[in-house]
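Just follow the structure's listing: the first ligand is 1, and inside any ligand the first atom is 1.
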Amino acid sequence: MPNLPIYHQVATYLKEHQAQLVAVSKTKPIEEIQALYDAGQRVFGENRVQELREKQPILASDIQWHLIGHLQSNKVKYIAPYIHLIHSVDSIKLLAEINKQAYKNNRTIDCLLQFHIATESTKFGLSLEEAQEMLSSEAYESYENIRIVGVMGMASFTDNHQQVRQEFKTLKGIFDELKKQFFEKQESFQEISMGMSGDYKVAIEEGSTMVRIGSLLFNS
Ligand SMILES: *Cc1c(COP(=O)(O)O)cnc(C)c1O
C-alpha cells in the first residue's frame, strides 16, 4: 500500500515549490492507486499503453492520466480519447499521429518533447537540434490538435548528484532556448518534467515544474 505520510510530505514540499506531482503507478495494482486517490492525488503516470488501457476504465474519471514512457505511433489511438499529457514525444512521426488521433476525438492533446540528457545510450529522446528542426517544419505548423507545453528528460541512473544536477541544468537550458526561439508568445509552454524518487529535490532546485515519483510513494 502507498506510504501516506511520505505522500503528504512530498505533496506539501512540491506545493510549496509550485511543482506538480505525477504519481507513477506503473506495475501497481488498482487498490494501491485507489488508496492514493482517496488521499487526494488526481494526477497519475503510466509508462505502458497496455497497462493504462486496463486501469483507466476501472478508476475514477477525474484522474488526469499522463503517459510518461516511450510511445509507439500505432498505440496512440487507444489513449487519445482521455490522455491528459504525453511526456514522451520524440519524433515528428509520433507527433503527427497524436495530432491525427486528437482530431478524430475532437480534442487537443498536450505534449512534452522528451530530450536525451543522460549519458546512458538506452534512454529515448531528442537532441536540441532535432527539436529545432521539428519545430521549424511545415508539417509541425499544420498540426492544430496538439499543443506542446514543455520538455521532459530523465537523468542518468547514478548516485552522482553532481552529474544528475548537470543533466537537469542541460534540460533547463534546452527549455529556455526553445521558449525564446519558438514559444515566446505561448504562455502554456511552461512545463519542465524532471525528477524522480531519488532526485526530485535536485530537480526542483534546477527548475522542475513537474516531478514523476513512483517508488518513494508506493514502496512502504
Ligand atoms: C518509473 C518512472 C518514473 C518513476 O521512477 P521512481 O524512481 O520509481 O520514482 C519516472 N519517470 C519515468 C519515465 C518512469 O518510467
Hydrophobic clusters here meaning ILVMFWY residues chained together by side-chain heavy-atom distances under 4.5 Å, can you tell me if Tyr103 and Ile146 are in one? no

For each nitrogen or oxygen atom of ligand 1, which protein N/O atoms lie closer than 3.5 Å, and how far apart are they, rounded to 0.1 Å?
| unit_1 | atom_1 | unit_2 | atom_2 | d |
| --- | --- | --- | --- | --- |
| ligand 1 | 8 (O) | Ser215 | N | 2.8 |
| ligand 1 | 8 (O) | Ser215 | OG | 3.0 |
| ligand 1 | 9 (O) | Ser197 | N | 3.0 |
| ligand 1 | 9 (O) | Ser197 | OG | 2.5 |
| ligand 1 | 9 (O) | Gly214 | N | 2.8 |
| ligand 1 | 11 (N) | Arg212 | NE | 2.9 |
| ligand 1 | 15 (O) | Lys26 | NZ | 2.7 |

Flag for Gln34-Asp38: side-chain donor and acceptor within less than 3.5 Å: yes

Check: Asn145 main-chain N/O paired with Asn99 side-chain donor or acceptor under 3.5 Å: yes

For Ile192, does its backbone N or O pair with a side-chain atom of Thr209 as donor and acceptor, under 3.5 Å? yes

Please determine if Asp176 and Lys172 form a salt bridge, counting it only when a charged side-chain N lies under 4.0 Å from a carboxylate O. yes

Parallel, tilted or perpendicular: which fits the ring planes of Tyr200 and Tyr13, with parallel below 30° and perpendicular above 60°? perpendicular

